[in-house]
Each structure stands twice: as C-alpha cells, then as structure tokens.
Amino acid sequence: MYVIPENLLQILFVSMVFSVVLMALIQKLKTFTLIKKKWHIWILNLIFAFVLGIPFGQMFYHLSILESVWVGVFSFIGASSIYDQLEKYSPVSLSDVNAKLEKEKTNIEKEI
C-alpha cells in the first residue's frame, strides 16, 4: 500500500487552485496584440507561474519558499496542459460566442 505524503497533497491542491487563476490570467493576456504565437503564451505561462505562484503559496497558504517553488512548477505544468486540452476540444471559439451574444443583445435593444 502506497501512502502519498500529506505535504505533497497540500502542494498539489494549492497548485490546482493557482492553475485556475493562472489559466484565466493567460486567457486575458492572449487578447493583447503582441501575443501572436503559441511560444509567447508558453513563456508568459512560465514567467507568471513562478512570479505569481510563489507569493500565492506563501501569502494564502503559508508555504515555505521551496514548497512555493513546487507550486509554481506544478501550476505551470497544470495550466499549460489544461489550456492545450481546452484548445483541442473547444468546438466553439469564445470570441465567436461573445460576438453572437452582442449581436443578440443589439437586436433585443432594437426591438424595445
């Protein structure tokens, strides 16, 4: 029987929480015109995983520096893999959905 150390479980949990935040941040940064290639997104993901992940772990979960670095590593791996999976399986672009919603909103406003 294998036992996973409690410390590792705590780091993985914090990484899961931060990966969601990181993915949302990367999605917002993708809208900038300077970010055109996939490797730009990858580099931003790497930078923000550590620049924001380490303070996130320390401030909100009182982790040590070493544990917070692992949060950054796991968050980088998690956020990029979540992003790639969503990119592969997304049948509709979010910008297409937003454009349709805006069009419907203007049509409803015209009717009123």
Side-chain angles (χ1 to χ4, degrees):
M1 181 173 163
Y2 295 105
V3 177
I4 299 174
E6 186 176 327
N7 197 22
L8 178 61
L9 289 175
Q10 180 183 10
I11 291 170
L12 288 173
F13 174 75
V14 174
S15 298
M16 280 188 337
V17 172
F18 183 67
S19 287
V20 173
V21 173
L22 183 62
M23 188 178 70
L25 176 66
I26 296 297
Q27 289 297 324
K28 288 291 183 187
L29 292 175
K30 268 182 43 182
T31 61
F32 294 149
T33 56
L34 296 174
I35 302 169
K36 298 178 182 176
K37 307 271 185 199
K38 191 170 185 168
W39 65 270
H40 291 147
I41 297 168
W42 189 86
I43 294 220
L44 282 174
N45 189 6
L46 178 67
I47 291 169
F48 282 114
F50 289 100
V51 168
L52 297 177
I54 293 172
F56 181 85
Q58 289 180 325
M59 181 176 288
F60 296 112
Y61 292 95
H62 307 291
L63 299 176
S64 69
I65 295 274
L66 185 59
E67 292 168 334
S68 297
V69 168
W70 280 108
V71 166
V73 169
F74 291 144
S75 298
F76 170 70
I77 294 168
S80 62
S81 63
I82 290 170
Y83 173 77
D84 289 339
Q85 293 300 319
L86 288 176
E87 188 177 63
K88 287 179 189 175
Y89 295 113
S90 178
V92 181
S93 171
L94 186 59
S95 59
D96 292 341
V97 172
N98 286 336
K100 287 180 183 178
L101 288 174
E102 286 296 321
K103 187 176 180 182
E104 289 177 11
K105 184 178 175 182
T106 55
N107 288 341
I108 291 172
E109 288 175 354
K110 287 180 183 178
E111 290 176 2
I112 297 176

*Say you draw a straight line from CZ of Phe48 to CG of Leu22; how long is it, rounded to the nearest 0.5 Å?*
9.0 Å
*Grab the two heavy atoms, one from Ile41 and one from Ile26, that are nearest each other, plus how far apart they are.*
CG2-CG2, 3.6 Å
*Please state whether the rings of Tyr61 and Phe13 are parallel, tilted or perpendicular, taking 30° and 60° as the class boundaries.*
perpendicular
*Looking only at heavy atoms, what is the nearest atom pair of Phe18 and Ser75, with distance?*
CD2-OG, 3.2 Å
*Pairwise side-chain contact, Leu52 with Val21, heavy-atom cut-off 4.5 Å (strictly under)*: no
*In terms of ring plane angle, is the pair Trp42 and Phe76 parallel, tilted or perpendicular, where the classes change at 30° and 60°?*
perpendicular
_Closest approach of Ser68 to Gln58 (non-hydrogen atoms, all atoms of both residues)_ = OG-CG, 3.2 Å
_If you define the side chain from C-beta out and look only at heavy atoms, does anything of Phe50 sit under 4.5 Å from Val73?_
yes
_In the structure I gave you, are the side-chain heavy atoms of Leu8 and Phe74 within less than 4.5 Å of one another anywhere?_
yes
*With rounding to the nearest 0.5 Å, note down the distance linking CH2 in Trp39 to CG in Leu44.*
10.0 Å
*Could you grab the distance from atom CD1 of Ile11 to atom CG of Leu66, nearest 0.5 Å is fine?*
7.5 Å
*Check: Ile54 and Val71 side chains under 4.5 Å, non-hydrogen atoms*: no
*Enter the distance from Leu63:CG to Asn7:CG here, rounded to the nearest 0.5 Å.*
8.0 Å
